[in-house]
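Bear in mind the structure is a predicted one, so any value in this text is a computation, not a measurement. Here is how names work: the chains are called A, B, and so on, in the same order as the sequence lines, proteins then strands, and each is numbered from 1.
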Amino acid sequence: MATPFPALNQRRGLGHLFNMDLLAGLNSPQREAVTHVKGPLLIFAGAGSGKTRTLTHRIAYLIREHRVPPGRILAVTFTNKAAKEMRERLTHLVGNDASRIWMGTFHAMCAQMLRINGDLIGIDRRFVIFDNDDTLRLMKEILKEADIDTSRYPPSRILHRISDAKNNLRSPQDVESVASSPYQRVLARVYTRYQERLQAAHALDFDDLLGEAVRLLRESEEARHYWSERFLHVLIDEFQDVNMAQFRWAQMLAEKHRNICVVGDDDQSIYAWRGANVKIILDFEVSYQDATVIHLEQNYRSTQNILDAAHGVISQNIGRKAKRLWTEVEGGATLTVHGAINAQEEALWVVRKVQSLQRLGHEHLSDFAILCRVNAQSRPFEEAFMRARVPLKLVGTQRFYDRKEVKDLVAYLKVIYNANDSVALARIINVPGRGIGDVTIQKLQWLAAESNRSLYEVILDAEAVNALGRAVAAKIAPLRNLLKTLQEEAQVNNTVADLVRLVIDRTDYLEHLRRERTVDSIDRQANVQEFINAAEQFDMRMDEMEEPEAADEEDQELLRTGDADLPEGIKRLGTFMESVALEGDAEGGTGAGSNEAVTLMTLHSAKGLEFPIVFLAGMEQGLLPHARALWGEQAGEEELEEERRLCYVGLTRAQQQVFLTFAAQRTLQGRTESTQPSQFLDEIPSHLVERAGLAAANAPSAYDVATSWNRPGVSSTFRPAGVAASSSAEPPKFSIGDRLRHPTFGEGLVVNASPSGGAGEWVEVAFLNSETGKKKLVVAYAPLEKV
DNA sequence: ATGCACGTACTTTTT
DNA sequence: GTACGTGCAT
C-alpha cells in the first residue's frame, strides 16, 4: 500500500507578527513552564493558579520563539468548552496559526485520527458515534435477546463495567479470561456481543474512540510512525482526569519526541466514577523519570482565608501530592457556617443573604453561586428564589441534544446517513406512532439477528415483512417509502437544515408533539425549532469554511485521502452528526447567556469556574460527603477523599466570600431525616469561621432538632451548645391524631410523631391549608399550639 | 397497540 | 418525591 501520509511540515511560524511579550506578567514557575522546551513536563497547577494562561502562553511560545509549526502541536482537553476557550486565547497570541494546532477533546482528536486512517485497522471511514442513549438502547436489546434478567444485570451497570474495561484497554477476551464469577462471565459474554453489534452498525461508542485510536497506533506501524513523528509537542490539560486509554494514546504519540507536557491538579480529581485515574498524574514521575516538575501554587482568585480553609480540608487527604496555595491577598472575610432547620429554611437564608449582600453593594446577581452536591437539592432553592423574586438560573441540567425530541430527529438523520444504524432505526420506527408496536419490532429485530442483517435490510425484505402479516406489512410499507424518499433527498440536498425540515415535514413531527398533551409539549416544539436553527448555523459555518484555509496543508492532504467520493450532502450530514455527538451542547441551545441571575449548579459542574461569592449548600454527612462514599457498599477511604476534593473544589471557586450551609433535617428521596453537619466543616480551621443559625456556638437549645446529633462517637463543633449527648426521656408533647395550629401554616392534624419527647421531638402535620400540605416540624423549634 | 397504575429505585456527567 | 419500567386492562 502506498503511504497515505504526506511529508511533514517544516514551515516556520508567523510569530513575528505578534509582538506581545509572552513572558510579561507571568510569575517565575509559570515562566519556567512556558519556556521549558525539551522533555517531559509535569505541571501541578492548583486552583486559580493561572493554568490556562500558562498553557496558552507555552503553546504560543513554542510557535513564536521556537518556530514549532502549529500543525505539529497536539493540545488535548476534556471538554469542548476548554478547547474552545484555549483556541480563542491562542488566537490573540498567535493569530491564524491557532487554527492549525491540533486542539480538541480526546474524543474529537481520536475520532479525527480514525477518520483519517482507521481503515488501517479495519474501521469504516463512515463510522458513526453512539452516545449513551444509543448504547443503552443497544444494551437493553442485547440483554433481551440473550434473555438475561435486567434486574440482576441492570443495563446501565453493565455498560458502566464495559466502559471501565475499555478505559483500561481490556478487550472482551481479556474480561473473559479473568472472569471468575457468574456475573463476570455474563459480563464478558455481553461485552463480546455488544462489540459485535457495534461493528455491525459501523458504530463506535465514546470509549471506542479512545480504545480504537490506541489500537490503531499499536497495530499499524505506519500510523504510529507518522503520528508520533508528527507531533513535536503533546500537551494535556486536566491530566488528573485521564484514564489509562487516554494516557497510553498520549504516550504513544509522544514517544518519538518525548515532549509531553501534562497539566493538572490531583486535588481537583472528582471524576473517578467515570474512569479518571488520579494515580496516573501521581505516578507521572515514575513513567517519565526525567520529567521536570513545576508547581503553580500562587493563587490569583481567592483570599488567603479561603485558601487556608480549603487547605484545612484537602490536607486531610492521604493520597495527594503535598502542596499549598498562597496568595498576595492577605486575610479576607471570614467564612460563615450557617445551620438551618431544614432545606427550605436553608434556601430562605441564602436568598436573604443574597439580598442583604446586594444592598451592601454586590449589585450583580451573577456574583453569586450556590453549589450543591446533588441536583435534588435545587428544588427548595428554586422555590425560595421564586418567592423572593430573585432570578436564579440552573446550570447544567438537561443538555440540548439529550432532549427526546431532538434525539428523535437526530435518529432520522442517522438512519439517512447510515441505514444500518439499527439502534437509530429502532428508535424512530414507531415515532411518530405509525402502529408498529413492540411485538412487531421484536420480531423484526429477531429476524435481523437471526439472518445477520441490519434492521433496515429486514424492513426492505418484502418477503420477510409479509410473513409477519398483512396488517404489519401495510404499516411498514409507508415507512420504507419515507426512508427511501429521505435518502434520495439527502443525495440532492446540500444543507442539513433542509434535510431536518424535510424530516419534520414528512413525518408530521410537530403534529406528533402537539398530540402529546403533556406540559412540555410547547417546550418540545420550541426545541424542534431550535434544532432547525442549530442546523442552519451549522450550514452557515460550513459555507464559511468552503475555502479550507484553516487546516494545515498536510491535514487537508490527509483528509482528502480519507474522503470517499460521497455526495456533498451526505458528507455534510456526517460532519453535522459528528459535531452533535461530540459537542453535546449547541451554541443556541438553551441560550441562557448572560442573564443577570444567581447561579445554581452542582459542585461537579462548577469545576473551573469562579464567583465572588459562593454558597456551599447541604454541608451534611450523607450529602457532602455523600452517603455512598460514607455508608454505601463501595464506601471507603478513596471515595471519601474524592468527596473531600469535591468540597475543596467548591471552596476554591470563591473569590471573596464563602457561606457553608447545612440543614438539620433534610427530605431526600421522600424521606425526612435528621442530619449531622458535614465532617468537612470540622476540618476548616475554626478561627476562619463564623457560625450562625444552628451552627452558632451559643444557639439556644430550642434549636436542637435532632437526637441523631448525639450519635455516639461523632463529635462536631457545629452541634449547638447545650445539647446533651444523652437522649431525653421527656414524654412527647404531641401524638398522632392531635390537632394543632401554626402561625403561618394554620391548623393541621398530626399524622406522625416521634416516639420520644424532649429536644428532638418532631411531628408530621397534615395542614388543612392544601397549599402547605404535609410538613415535618420540630416541636422545640416550630411555634406550635395545641388546639 | 396503547394507556394507565403500580412498584421500585435513586450521585456526580463529559465525550 | 419523582421518574422510570413493568404489567395489566382496555
Side-chain angles (χ1 to χ4, degrees), chain A residues 76-83 104-111 129-136 140 144 149-151 154-157 160 163 166-167 204-211 238 241-243 245-246 269-276 343 371-377 379-380 395-399 401-402 404 430 433-442 471-472 475 515-517 578-585 601-608 618 622-630 632 634-635 639 642-643 645-647 649-650 666-672 773-774:
Chain A
V76 208
T77 61
F78 272 85
T79 64
N80 290 299
K81 197 175 153 220
T105 63
F106 276 100
H107 298 268
M109 298 297 92
C110 289
I129 299 168
F130 270 19
D131 62 20
N132 292 334
D133 193 75
D134 299 324
T135 56
L136 188 64
K140 283 177 184 167
K144 191 167 240 174
D149 177 15
T150 51
S151 61
S156 57
R157 216 166 114 206
H160 188 256
S163 172
K166 289 183 177 182
N167 288 161
L204 300 181
D205 66 17
F206 286 128
D207 301 315
D208 284 337
L209 292 174
L210 307 170
E238 304 279 10
D241 288 333
V242 296
N243 61 40
Q246 290 162 328
S269 165
I270 54 174
Y271 286 110
W273 51 274
R274 65 181 201 212
L371 309 183
C372 53
R373 175 69 245 261
V374 299
N375 288 122
Q377 280 173 262
R379 199 70 40 111
V395 170
T397 35
Q398 216 198 1
R399 285 160 64 229
Y401 285 113
D402 281 345
K404 188 180 161 294
N430 196 34
R434 39 178 81 88
I436 303 172
D438 287 344
V439 180
T440 307
I441 296 171
Q442 275 312 300
V472 170
K475 283 164 183 163
R515 275 205 318 262
E516 269 185 12
R517 58 220 186 287
E578 177 141 325
S579 80
V580 168
L582 291 179
E583 331 178 354
D585 58 78
M601 64 183 137
T602 63
L603 288 161
H604 283 92
S605 29
K607 192 169 120 183
L623 247 194
L624 186 66
H626 193 273
R628 284 174 98 104
L630 213 45
Q634 336 111 317
E639 285 69 23
E642 179 141 321
E643 296 293 312
R645 292 192 290 266
L646 218 31
C647 181
V649 166
R666 184 174 295 274
T667 308
L668 267 177
Q669 296 169 209
R671 209 165 281 284
T672 303
K774 262 197 275 187

Query raised in the report: Starting at the 5' end of DNA chain B and moving along, which residue's nearest nucleotide shows up first, A:Arg373 or A:Ile436?
Result: A:Ile436
Side chain of [X] only, please: which of [options] is the nearest?
{"X": "A:Asn132", "options": "B:dT11, B:dT13, B:dT15", "result": "B:dT15"}
{"X": "A:Thr79", "options": "B:dT13, B:dA1, B:dT15", "result": "B:dT15"}
{"X": "A:His604", "options": "B:dT15, B:dT12, B:dA1", "result": "B:dT12"}

Applying a 4.0 Å non-hydrogen cut-off, can you work out what [X] is touching in the nucleic acid: base, sugar-phosphate, or nothing?
{"X": "A:Gly396", "result": "nothing"}
{"X": "A:Asn430", "result": "sugar-phosphate"}
{"X": "A:Asn375", "result": "sugar-phosphate"}
{"X": "A:Thr667", "result": "nothing"}
{"X": "A:Ser605", "result": "sugar-phosphate"}
{"X": "A:Gly437", "result": "sugar-phosphate"}

Check the distance between [N]'s [atom2] and [X]'s [atom1] and give it to me in whole angstrom.
{"X": "A:Ile270", "N": "B:dT12", "atom1": "CD1", "atom2": "P", "result": "13 Å"}
{"X": "A:Arg666", "N": "C:dG1", "atom1": "CZ", "atom2": "P", "result": "16 Å"}
{"X": "A:Arg434", "N": "B:dA1", "atom1": "CZ", "atom2": "P", "result": "14 Å"}
{"X": "A:Arg628", "N": "B:dA9", "atom1": "CZ", "atom2": "C1'", "result": "10 Å"}
{"X": "A:Asn167", "N": "B:dT14", "atom1": "CG", "atom2": "P", "result": "16 Å"}

Report task. Report yes or no: does A:His626 contribute a side-chain atom to a donor-acceptor pair with the main-chain N or O of A:Arg373 at less than 3.5 Å? Result -> no
Requested in this report: Without swapping roles, check the side chain of A:His160 against the backbone of A:Trp273 for a donor-acceptor pair under 3.5 Å.
Outcome: yes
Query raised in the report: Taking protein heavy atoms under 4.0 Å as touching, what does nucleotides 3-10 of chain C look like 5' to 3' if B marks base contact, S marks sugar-phosphate-only contact and - marks none?
Result: --S-----
Partner set under side-chain contact (heavy atoms from CB on, under 4.5 Å) for [X], not counting sequence neighbours:
{"X": "A:Ala276", "value": "A:Asp241, A:Tyr271"}
{"X": "A:Glu639", "value": "A:Ala629"}
{"X": "A:Lys140", "value": "A:Leu136, A:Pro155"}
{"X": "A:Asp207", "value": "A:Ser163, A:Lys166, A:Asn167, A:Asp205"}

Query raised in the report: Would you say A:Trp273 stacks on B:dT12, if stacking means ring centres under 5.5 Å apart and planes within less than 30 degrees?
Result: yes
Requested in this report: Using only side-chain N and O atoms of A:Thr602, determine if any of them is under 4.0 Å from OP1 or OP2 of B:dT13.
Outcome: yes
**Report entry** Partners passing side chain to side chain donor-acceptor pair (under 3.5 Å) against A:Ser605 (at least two apart in sequence or in another chain)
**Finding:** A:Thr602
